[in-house]
Amino acid sequence: MSFIQNVQKILKQNVREYGMYIALLAIIVFFTTMTNGIFISSRNISNLLNQTGYIAVLAVGMTLVIVIRHIDLSVGFLAGFLGAMAAIAMVQWHLPVVVVIPLVMSMGVVAGLITAFPVAQLGIPSFVASLAGWLIYRGALLLVTLKTGTIIIPNDAYNAIGNGYIPDITNLNILPGMHKLTLLLGIISVVLNIFNEIKNRQNKLAYNFEVLTMDMFILKLFFTSTVILGITWVLAGYNGLSWTVVIMLAVVAVYHYITTKTVLGRYIYAIGGNPEAAELSGIDVKKLTFVVFGSMGMLSALSGILFSSRLQSATTIAGQLFEMDAIAAAYVGGVSAAGGVGKVTGSLIGALVMTSLTSGMNLMGIDISSQYIVRGLVLLIAVIFDVSTRRRGK
Amino acid sequence: MNSHILEMKSITKEFPGVKALDEVSFSVTKGEIHCLVGENGAGKSTLMKVLSGVYPYGEYTGEIHFNGIEQKFSGISDSKKAGIAIIYQELALVPEMSVYENIFLGHEIQKKGIVDWNETIKQSVEMLKKVRLEINPATKVMELGVGKQQLIEIAKALSQDVKLLILDEPTSALNEDDCENLFDLLRELKQHGVTSILISHKLKEVIGIADTVTVLRDGRTICTLDARNGQVSEGILIKHMVGREINNVYPPRPRSKHGEVIFEVRNLNAYNPKIGRTILKDINFNVKKGEVVGFAGLMGSGRTELALSLFGNPAGFEISGEVIVEGKKRDFKNPRHAINSGLAYVTEDRKGNGLILIQDVKQNITLANMKRISKRGIVNENNEVKQAIEYRKALDIRTPTIEQKVLNLSGGNQQKVSLAKWLFVSPEILILDEPTRGIDVGAKFEIYTIMNQLVAEGKSIIMISSELPEILGMSDRIYIVSSGRITGELSIEEATQEKIMHMATN
């Protein structure tokens with residue numbers, strides 16, 4: 001079989017998995033041409049990733065919620081409310097940042113558990129339970145900002161989370177104008193990725209499982225390495241990796257590990273695949289429902305922190321529509337509404353697709369009304385694509 | 001022969017791999033009550049689905065003549081128009097709606113899309129009078145008992161000018177008074193020219209009410225008997241129902257002496273709050289080490305509910321009684337407790353609550369005992385693969401790789417995955433609920449062989465089955481379940497199909 005045929009075959013077989021990446025690539029290419037390269041500029045990409053941060057962490061949590069066949073509509077205003085709580089803790093209670101962040105994250109966990117209670121214990125549909133949360137947290141946000149209005153956060157350490165960049169290696173005189181630590185991290189991750197892939201492939205070969213042919217394997221490694229290096233190169237040309245991106249990648253990495261390598265992850269996907277079978281297999285479905293909603297609450301808090309830090313203030317409408325963006329990102333990223341299927345890495349890509357659309361259309365000067373329509377159509381196409389390829393996969 | 005309201009000629013209906021109906025002929029005389037009997041899987045329900053258009057013309061072969069005209073129903077609405085109404089075991093009423101709304105649901109009295117509620121209520125009262133039900137037609141259906149709901153279904157049928165009324169196991173959920181009431185009504189309808197077909201497992205009541213009885217077995221018509229002159233007895237019906245020969249499809253097993261009692265249940269009662277009914281009454285039984293104990297009974301007799309009650313009660317029944325495992329009293333709060341005490345439950349419905357179809361073979365095998373392949377919550381994937389390959393080999397699960405989704409396997413191989421999953425927890429007592437349902441003869445034999453190996457290793461098996469030959473071929477001892485009670489216990493030496501049927505249809 002020729003090289004080209006091989007590529008076609010692999011793409012066809014894995015159209016679901018690679019589809020998103022190709023779509024993201026197409027979007028990037030399209031906007032880059034339409035904006036004469038402004039889209040792909042270091043500054044824009046850096047901004048784009050920072051904008052993705054607070055939606056991406058929500059989308060990661062939402063992935064698990066949707067996998068276990070639930071939904072959480074309350075996360076947007078919960079994020080807004082907890083961002084305001086962080087501001088209040090710093091401005092009015094004068095607590096240090098190192099206390100504020102764990103405090104707000106714990107409040108998020110508690111809020112998630114409260115949402116889970118009617119769902120797990122009383123069997124109330126999560127749509128309704130979290131809709132109630134949506135209203136309650138919206139009210140709570142208005143309530144805590146009632147006297148002050150927007151709360152300005154005058155804390156540099158806190159604001160660096162949403163605006164700062166990782167430090168660079170100074171006194172190194174190569175590559176002037178480039179962020180060297182970022183490049184170094186990029187190279188390290190490329191090496192680690194290659195090493196990991198080779199180990200995986202050898203493992204699979206040892207059990208006679210199907211693996212990519214050698215040329216395809218090398219092509220894949222080449223492709224992923226180029227993408228990682230490309231992104232780090234672009235970022236290094238501006239200010240390097242931002243703390244937001246670091247946090248986002250860390251969250252994705254931790255959740256990716258949990259979902260793919262741990263017993264907890266297995267149980268979550270088992271519940272999504274067949275709740276009754278999971279229950280009869282000795283899995284505590286109620287307990288895990290609490291765990292998943294608790295994690296969602298925690299990530300909502302993180303999202304709230306990222307957003308308020310980025311704005312350097314807590315506003316009265318912070319978090320509005322975040323939940324819809326997160327849900328859309330998860331669906332675009334291949335999470336199945338029927339439950340049991342979906343990857344956190346997919347949701348990250350989904351979030352990137354959605355923010356790329358916004359960013360690209362902004363650069364092109366497209367009106368906000370048209371932007372919503374385009375994003376709606378993209379969501380619809382993504383889900384139709386997902387459903388139709390899934391059916392064929394059977 | 002013009003008095004036949006219905007004639008079904010040479011009806012054949014095939015499902016992939018199974019001939020559900022094989023040249024079945026079935027005739028019903030106008031104005032009679034005709035009972036259709038047979039074991040589970042004999043083809044009764046399939047035949048009625050063909051008749052009512054659930055399986056449209058073209059999906060079966062053969063002819064249906066109704067009222068002297070050949071009919072080619074393409075859906076339920078066609079058969080309804082012709083005057084055939086079918087009332088299923090699972091009632092098809094909308095519980096939140098009122099009685100009158102339900103009676104005219106689907107054929108509302110209307111003018112240009114606007115419902116005439118006054119006329120609806122007026123006519124509902126008449127229909128209710130016909131079924132001798134004295135209730136306010138505005139009552140919500142959910143507030144009525146099952147017996148009354150059934151009468152409303154009949155009223156609904158009457159409101160559509162029904163000529164042939166089919167009742168699928170109408171009495172399985174009724175108490176004796178409601179049964180009598182229903183039968184009186186059927187006799188009265190008969191006077192008014194309504195023909196009825198009644199499917200029932202309760203042979204006593206069949207003999208009591210039927211004018212004619214037709215027996216189906218293995219998708220064929222065995223005989224049609226005139227029941228009016230008292231010539232039909234339970235014995236005759238059972239003989240026709242079970243009259244097949246038992247082929248030697250059961251691998252032989254040395255019937256050694258069994259060990260001590262390892263599992264015992266005392267005075268178990270269970271109440272299902274969701275349907276408001278007692279589902280198990282005074283259940284007492286025991287299982288010895290190395291023994292296969294068969295639980296025979298018809299579908300709906302409470303066998304699966306029994307298994308669920310023993311296995312940590314995930315369905316949330318209200319249970320009383322004692323469960324004793326290896327001499328210790330146990331109170332399982334959830335399936336995990338039951339698994340930890342050495343129980344395993346291979347469910348009846350492997351697709352519904354047994355397997356996770358969208359996951360692969362290895363993930364399904366290891367799911368109930370992740371402890372065995374993980375350390376501190378981290379899955380050891382290499383170990384998982386190794387173990388799954390071993391189980392695949394031991395049970396001869398035919399799949400290209402253990403990374404194949406279970407969805408893509410055949411029924412027999414899915415069942416083996418289900419079995420592998422539960423063997424993976426190293427149980428002492430296995431509950432197998434319909435272990436060979438819907439799988440081919442070859443795979444059946446393999447499952448039986450595995451069962452023999454297990455008891456040879458000293459494990460105990462509780463086998464629930466509707467197939468009498470399987471019960472007789474595999475069990476050391478048999479309990480018979482009927483209407484949520486154990487109605488008999490037979491040793492394998494004394495058990496016959498007839499005896500079991502007698503106890504199961506009691």
Side-chain angles (χ1 to χ4, degrees), chain A residues 13 16 67-69 121-123 196 199-200 202-211 254 256-288 291 334-342 390-394, chain B residues 307-308 311-312 314-316 332-340 343-347 349-359 362-364 366-371 373-382 384-386 388-389 400-408 418 421-422 424-425:
Chain A
Q13 281 172 350
R16 271 169 55 72
V67 161
I68 65 165
R69 303 185 176 189
Q121 293 293 347
L122 310 173
N196 224 341
K199 208 178 93 189
N200 264 338
Q202 278 169 347
N203 259 338
K204 289 204 164 190
L205 279 175
Y207 292 113
N208 284 324
F209 287 165
E210 208 180 334
V211 291
V254 168
H256 180 69
Y257 185 78
I258 291 173
T259 49
T260 55
K261 303 287 177 195
T262 67
V263 175
L264 176 66
R266 267 311 160 74
Y267 284 179
I268 288 170
Y269 282 83
I271 292 171
N274 187 341
E276 284 169 58
E279 176 99 50
L280 281 172
S281 304
I283 297 171
D284 193 337
V285 177
K286 272 185 195 173
K287 191 175 102 189
L288 288 187
V291 169
V335 179
S336 158
V341 176
R390 196 185 306 271
R391 229 173 260 149
R392 203 169 39 185
K394 276 184 186 175
Chain B
L308 284 173
F311 198 69
F332 303 136
K333 294 266 183 267
N334 55 43
R336 176 51 58 197
H337 288 169
I339 295 168
N340 291 345
L343 264 70
Y345 175 37
V346 180
T347 58
D349 180 4
R350 59 181 166 265
K351 289 184 182 171
N353 57 11
L355 297 167
I356 296 173
L357 296 176
I358 57 170
Q359 292 193 351
K362 73 173 153 51
Q363 286 172 328
N364 270 284
T366 55
L367 184 65
N369 194 7
M370 292 296 285
K371 249 193 311 193
I373 52 148
S374 63
K375 233 184 212 169
R376 281 182 237 103
I378 311 293
V379 180
N380 181 339
E381 284 173 84
N382 285 337
E384 177 175 36
V385 167
K386 222 188 274 169
I389 286 175
T401 76
I402 53 166
E403 299 207 311
Q404 182 70 236
K405 279 186 187 168
V406 170
L407 190 80
N408 299 326
S418 214
K421 165 182 171 174
W422 287 107
F424 193 71
V425 307

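For chain A, the option among B/Ile373, B/Val379, B/Ile402 with the highest count of heavy-atom pairs below 4.5 Å is B/Val379. The most heavy-atom pairs under 4.5 Å with chain A, out of B/Gln359, B/His337, B/Lys386, B/Gln363, come from B/Gln363.
Residue B/Ile358 touches chain A through its side chain alone, counting heavy-atom pairs closer than 4.5 Å. At a 4.5 Å heavy-atom cutoff, the contact between B/Ile339 and chain A is made by side-chain atoms alone. Interface remark: B/Leu355 contributes backbone atoms only to the contact with chain A (heavy atom separation under 4.5 Å). For B/Lys421, the part sitting under 4.5 Å from any heavy atom of chain A is the side chain, from C-beta outward, and nothing else. Only the backbone of B/Lys351 comes within less than 4.5 Å of a heavy atom of chain A; no side-chain atom from C-beta onward does. For B/Gln404, no part sits under 4.5 Å from any heavy atom of chain A, backbone or side chain. Both the backbone and the side chain of B/Asn382 come within contact range of chain A, judged by heavy atoms closer than 4.5 Å. If you measure heavy-atom distances from A/Tyr269 to chain B, the contacts under 4.5 Å come from both the backbone and the side chain.
The CD1 atom of A/Ile271 sits 13.5 Å away from the CZ atom of A/Arg266 when rounded to the nearest 0.5 Å.
Annotation for A/Leu280 and B/Pro335: closest pair O-CB, 3.9 Å, computed over non-hydrogen atoms. Closest of all the heavy-atom pairs between B/Arg336 and A/Gly282 is NE-O, 3.2 Å.
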